[in-house]
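Protein chains get the first letters and strands the later ones, always in sequence-line order, with residue 1 at the start of each. Atom set for the values below is all heavy atoms of this structure, side chains included, hydrogens, waters and symmetry mates excluded.
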Number of protein chains: 2
Amino acid sequence: MKDNNDMPGHLARRFQQIAVAVFLAEVGDAGFDLTPVQYAALATIKANPGLDQVTLAGLIAYDRTTITGVIDRLVQKGLIERRASSRDRRARELEITDEGRRTLRKITPAVEAAQQIMLRGLSAKEGEDLMRLLRKAIAAGNELSRAPLREA
Amino acid sequence: MKDNNDMPGHLARRFQQIAVAVFLAEVGDAGFDLTPVQYAALATIKANPGLDQVTLAGLIAYDRTTITGVIDRLVQKGLIERRASSRDRRARELEITDEGRRTLRKITPAVEAAQQIMLRGLSAKEGEDLMRLLRKAIAAGNELSRAPLREA
DNA sequence: TACTGATAGTCAGCATACTGAGCAATATCC
DNA sequence: GGATATTGCTCAGTATGCTGACTATCAGTA
């Protein structure tokens, strides 16, 4: 009988669970109310001004039906704006607001601290190894989920 | 500016996302409708007959409020039974049914195939390394989530 | 034994994720 | 140019996961 600890799927779930908890704790302590998912979306919108929702979803590997709610909440918080595209009337262009930019700047230290804490049981080299192996496994499995990563 | 690919949190989410998709695809192809979470609960109930919900949650690191719904669905599918404990009237004892045992036996190949597929980009040694590093990081972060792993 | 604190379970509410369906608009092909 | 396919987005429904609150019960102690 295989143990849970021999199942990559179980380890994946557990590591993700801890990663989210650490992120929320660090960001919360810093005085912000932003989830890991919202943070990634916000940072990606800042780096790609005016992108549409499908492109955003592709850049961070979110499902297109998930991104709708995430964007709703970022708009609600005043961190981004969503407006109709002039070129394609189906699409919505996303833009970060000044408030969003400020939030992103102030929250960065907490986010980076969180990334450290997630790996606190590992040496620097082990942390690098873990990230390298994850990247490799993810690259090989990219097309297996409904929301694969898509380059711009 | 740090890239998403340098963030262990982002890699964790992505790997977990692929792991779930692979699991559901393999198990679905085998003709079963069981999630990774339901599978782990079912297997743990089989291995620990009569355990209560809190103990089960601790063994697989689920939140106690999440386990309620998972158990509801396993009961609904006829794979387990939930009955009041005679020793502690607050607690519910969980028992696998014959149907649950049959299901577990028949889906095991699909589950194991899924674990292979998740790691298909890695060599055998790399897969082992990845699991070892995940186990180590998880052990160090165990207490950081609301639902830590608890030994029996 | 009565009080107090801890524990088992549930519930409401919110935030991902996904399936599948649908609408509107754009692209493509004949 | 018009039928057809595709694309961007949304919605309803289901399944984790979590926070925080609540009930019922149990355990320890004054």
Interatomic distance, A:Ile18 CD1 vs D:dT16 P [rounded to whole Å]
20 Å

Please state how far atom CZ in A:Arg83 lies from atom P in D:dC9, giving the value in whole angstrom units.
13 Å

Counterpart residues, side chain to side chain donor-acceptor pair (under 3.5 Å), relative to B:Arg150 (two or more places apart):
B:Glu143

Find the distance B:Leu56:CG to C:dA8:C1' and express it as a whole number of Å.
13 Å

Provide, to the nearest angstrom, the distance between the CZ atom belonging to B:Phe23 and the P atom belonging to C:dC18.
16 Å

Hey, what do you get for CG (A:Leu104) to CZ (A:Phe32), rounding to the nearest 0.5 Å?
10.0 Å

Kindly determine whether A:Lys125 and A:Glu128 satisfy salt bridge (charged side-chain N to carboxylate O under 4.0 Å, His left out), including the steps that lead there.
CA-CA 5 Å; A:Lys125 177 178 182 319; A:Glu128 281 304 321; over 6 Å; no

How many whole angstroms separate atom CD of B:Gln16 from atom P of D:dA15?
17 Å

I need the CG-P distance between A:Asp72 and D:dC9, as an integer number of Å.
12 Å

Using side-chain heavy atoms (C-beta onward) and a distance below 4.5 Å, is A:Arg87 in contact with A:Glu93?
yes

At less than 4.0 Å, is any side-chain N or O atom of B:Arg82 found next to OP1 or OP2 of C:dT10? Yes or no.
yes

What contact category does B:Val20 fall into here, base, sugar-phosphate, or nothing, at under 4.0 angstrom with non-hydrogen atoms?
nothing

Does some side-chain heavy atom of A:Leu130 sit less than 4.5 Å from a side-chain heavy atom of B:Lys136?
no

In whole angstroms, how far is the C1' atom of C:dA17 from the CD atom of B:Gln38?
15 Å

Please tell me if B:Gln53 has a side-chain N or O lying less than 4.0 Å from either OP1 or OP2 of C:dT7.
no

Whichever of B:Pro36 and A:Val54 has its nearest DNA chain D nucleotide further upstream toward 5':
A:Val54

Could you write nucleotides 18-25 of chain D as a row of B, S and -, 5' to 3', where a protein heavy atom under 4.0 Å of any base atom gives B, of only sugar-phosphate atoms gives S, and otherwise -?
BBBB--BB

Between B:Gln76 and D:dT14, is there a contact of a side-chain N or O with OP1 or OP2 at under 4.0 Å?
no

Run the side-chain donor-acceptor check on residues 64-73 of chain B: report pairs under 3.5 Å with partners two or more places apart or on a different chain.
unit_1	atom_1	unit_2	atom_2	d
B:Thr65	OG1	B:Asp63	OD1	2.6
B:Asp72	OD1	B:Arg82	NH2	2.3

Can you check the A:Arg92 CZ to C:dA25 P distance for me, whole Å?
11 Å

Rounded distance (nearest 0.5 Å) linking atom CD of B:Gln16 with atom CZ of A:Phe15
12.0 Å

Any side-chain N or O of A:Thr68 less than 4.0 Å from the OP1 or OP2 oxygen of D:dC9?
no

